[in-house]
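Side-chain atoms are counted along with the backbone in the values below, which use heavy atoms only and exclude waters and symmetry mates. Just so we're clear, the structure is a prediction, and the values are computed from it rather than from any experiment. Proteins get letters first, then strands, A, B, ... in listed order; numbering begins at 1 in each.
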Amino acid sequence: MINITFPDGAKRAYEAGVTALDIAKSISEGLARKVIAANVNGEVWDATRPIHADSAVILLTWSDADGKKAFWHSTAHLMAEAVEASFPGVKFWVGPPLDSGGFYYDMDLGDRKLSEEELSALEKKMNELAKQNNAYVRKDVPKQEAIQYFTEKGDEYKLDLLSNLEDGNITFYTQGNFTDLCRGPHIPATGIIKAIKLTSVAGAYWKGDEKNKMLTRVYGISFPNQKELDEYLQMLEEAKKRDHRKLGKELGIYTMDDDVGQGLPLWLPNGTIVIEELEKLAKETEDAGDYKRVVTPHIAKESMYLTSGHLPYYQDSMYPPMEVDGQKYYLKSMNCPHHHKIFAAEPKSYKDLPLRLAEYGTCYRYEQSGELFGLMRVRCLHMNDAHIYCNKEQFGDEFRAVNDMYLKYFKIFGIDRYVMRLSLHDPEKLGQKYINEPELWLETEALVRKVLVESNIPFVEVKGEGAFYGPKIDVQIWSAIGREFTLATNQVDFAQGRRFNLQYTTADNGHDVPLIIHRAPLGTHERFIGFLLEHYAGKFPVWLAPVQVKILPISDKFSEYTKDVYRALRRAGIRAEIDDRNEKIGKKIRDTELMKIPYMLVIGEKEVNEGKVAIRRQGKGDAGTKSVEEFIAGVKNEIVNRADEV
RNA sequence: GCCGUUGUAGCUCAGGGGUAGAGCACUUCCUUGGUAAGGAAGAGGUCGUGAGUUCAAGUCUCAUCAACGGCUCCA
């Protein structure tokens, strides 16, 4: 007999070799039907795997994250079985579940191509196989036998996986006619998978390396019932409505044009208002932090990028140079070298530090065409950029102040889901991807880590993601539809100061090179506005809304008073428009609601007689009447405070 | 850049070898209407672009450009 300990601390004795499924059955049949995997002493196991020693067991169902993963992983195997049945000779690489939901499987179909139309046929096949309710059977396999199996099958990808595994640690899983090298865990049988959707076909480089062969990757998702699949598909539809590309078009924020070029957004009047409001916020915040504003040209000579060291590292992602007067000029893809030149323009003393130079600089990056993505990834971008020149003693305070600025912004925009990533260098790539200064790297990384720890800011460390000139903190955020991306970046640079021969006179009349902090808390206009569109679902808070108030006269009989109200709003600096179309009030309201304009003022006979306005708040309906002055005061207050919601 | 998919009116989409369609938006007229779609008429497209096949090409072939879903990349 062995003792099984449950999450609530209760213990029960079972025969050795009992499975999680047996345990569930001993509790109730209903539970047994739901259990699809188990956490045994902290490890996720098959529900059908025998337990031979005293263990702590947590039964896992579809409601548990690990249960879902086992479910999706098992569906990936089911898909592989269907693929193998349809395309004999296919070779498989890996087929994991995804944290974000669903699974994929990478495979080599040889010369065959898989079109998206064929997916529904595969789905059908998978459903047939699922109905057979085949068990997922785990088997320990000696390495030699495993190698022999995949050698016979001619699957060099699995052999590659095997080469990294140790004997005694190798398991096969078989369901129906399909056997795969896999560490598991899997659900008990295929019959549990009731609803399957294969979502897309894509190419994926083997091992993620673009020098390797491109495999075919099929993505899919599955559920234990049709209802949840329907809900999932419904959710995808909802997400589409919040997509910044759709909203950006609908709300007149930006547009793209083939004649202008790939990844080069044209900001429409409404989008430009959002840009200007964001810049206003940034300028206020930077003024309060004693930043100085500068403006620099869009191009610079090759020599400057050789000095900075950017060219050898990033030439491929810069627009090719233009030649003028026998000199090569590059479009700038970053502002830092220009700012360094401003630092160097006049002799500096320790009394000038810290010096903070800020600019909404326009940068151009020749991003690979396949990378471009709405506003999130563009080739012309406006960075909320600044460079802080300081000494080592000042560094901690400066770095902290930058982080505080991030947090201030997050609060204003209601961003509560974010992760700070401390990105470090990779010692193996010194001299290639990173400047070859091993000691300086370690010293600076320690400096940054210390500040983060002292400020109690939670962060994760990632090796091999630093900038070429120093470590950085990237802030990952998630838009409301779950899209993850890097918003802000805060980088330390110990290299460019020396490369540009930047110096300041120290208190003891010596010379020293400043440390440089590169920071962009709002990232770029493009990415940030793309984020905000999804974050707010297009319903900007009043201070950011391109049109803040729409005035809706009930008929043209009231146009005189309507114009008075309009002029009063404009005098107060409020962005207002009149809808004087020959339409009924219900139609005007509907159109204004769809344009997501925060306030509507309905004006009819009653309002004219009383000298008031009837207020309607977007998404919330009728909000009573007020005098024009009272309404203006309220809206102005909301604007000045940059209130997130009323 | 690579793999796959898609390009028809401002937007959403139908039409799959025989003279270009719908709804919404737009213009004009009627209607002056009180909190999410009043009515009528009109205008608008060399079907992404360029070649080819054909008596005939949105429709079939090829090339090219762009967008979308991924991979790789992001100073």
Q) What form does the base of B:rG58 take, syn (within 90° of 0) or anti? A)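 That one's syn.
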Q. Glycosidic conformation of B:rG48, syn or anti, with 90° from 0 as the boundary?
A.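 With its glycosidic angle more than 90° from zero, B:rG48 counts as anti.
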Calculate the interatomic distance between [X] atom [atom1] and [N] atom [atom2]; express it in whole Å.
X	N	atom1	atom2	value
A:L552	B:rA37	CG	P	14 Å
A:L109	B:rG4	CG	P	11 Å
A:D622	B:rG34	CG	C1'	10 Å
A:R590	B:rA36	CZ	C1'	6 Å
A:Q618	B:rA36	CD	P	13 Å
A:D556	B:rC30	CG	C1'	13 Å
A:L266	B:rG10	CG	P	17 Å
A:R616	B:rU35	CZ	C1'	5 Å

Gap in Å between the two [atom1] atoms, one belonging to [N] and one to [M], rounded:
N	M	atom1	answer
B:rC26	B:rC74	C1'	42 Å
B:rA14	B:rC60	P	15 Å
B:rU12	B:rA51	C1'	32 Å
B:rC55	B:rU19	C1'	15 Å
B:rA22	B:rG42	P	12 Å
B:rG44	B:rU8	C1'	14 Å
B:rA20	B:rU59	C1'	12 Å
B:rG15	B:rG21	P	15 Å

Q. For the residue pair A:H518 and A:Y469, does the interplanar ring angle fall in the parallel (under 30°), tilted (30 to 60°) or perpendicular (over 60°) class?
A.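 Plane angle under 30°, so parallel.
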Under 4.0 Å between any heavy atoms, over every strand shown, what does [X] touch: base, sugar-phosphate, or nothing? Just pick one.
X	answer
A:K249	sugar-phosphate
A:E118	nothing
A:I554	base

Does the structure show a Watson-Crick or G-U wobble partner for [N], both distances under 3.5 Å? Name it, or say none.
N	result
B:rG69	B:rC3
B:rA20	none
B:rC62	B:rG50
B:rA9	none
B:rA36	none
B:rA41	B:rU27
B:rA56	none

Verify whether one side chain among [X] and [Y] offers a donor that lies under 3.5 Å from an acceptor in the other.
X	Y	value
A:S423	A:E465	no
A:Y566	A:E577	no
A:Q476	A:T486	yes

Is any side-chain N of the basic residue among [X] and [Y] closer than 4.0 Å to the acidic one's carboxylate O?
X	Y	answer
A:K158	A:D160	no
A:R590	A:E593	no
A:D99	A:K69	yes
A:D106	A:R217	yes
A:R245	A:E250	no
A:R519	A:D385	no

(Q) Suppose we screen for ring-ring contact (aromatic ring centres under 6.0 Å, His included). Which residues come up paired with A:H244, at least two apart in sequence or across chains? (A)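 With sequence neighbours excluded, A:H244 shows a ring-ring contact (aromatic ring centres under 6.0 Å, His included) to A:F373, given in chain and number order.
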Q: List for me each residue that meets ring-ring contact (aromatic ring centres under 6.0 Å, His included) alongside A:F631, sequence neighbours excluded, and say none if there are none.
A: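 With neighbours one apart ignored, the set is A:Y599.
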Q: Using a 4.0 Å heavy-atom cut-off, write out nucleotides 66-75 of chain B from 5' to 3' as B (base contacted by protein), S (sugar-phosphate only) or - (no contact).
A: SSSBBBBBBB
Pairs of donor and acceptor atoms involving the side chains of residues 605-614 of chain A, under 3.5 Å and at least two apart or interchain, shall be tabulated with distances.
from   : atom 1 : to     : atom 2 : distance (Å)
A:E607 : OE1    : A:G604 : N      : 2.8
A:N609 : ND2    : A:E605 : O      : 3.3

Atom pairs, protein N/O to nucleotides 24-29 of chain B N/O, distance under 3.5 Å:
from   : atom 1 : to     : atom 2 : distance (Å)
B:rA25 : OP1    : A:K587 : NZ     : 2.5

Q. Can any side-chain N or O of A:D426 pair as donor or acceptor with the backbone N or O of A:G464 at less than 3.5 Å?
A.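 Checked: no pair found.
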For nucleotides 43-45 of chain B, give me every protein contact, N/O to N/O, under 3.5 Å, one pair per line with atom names.
none

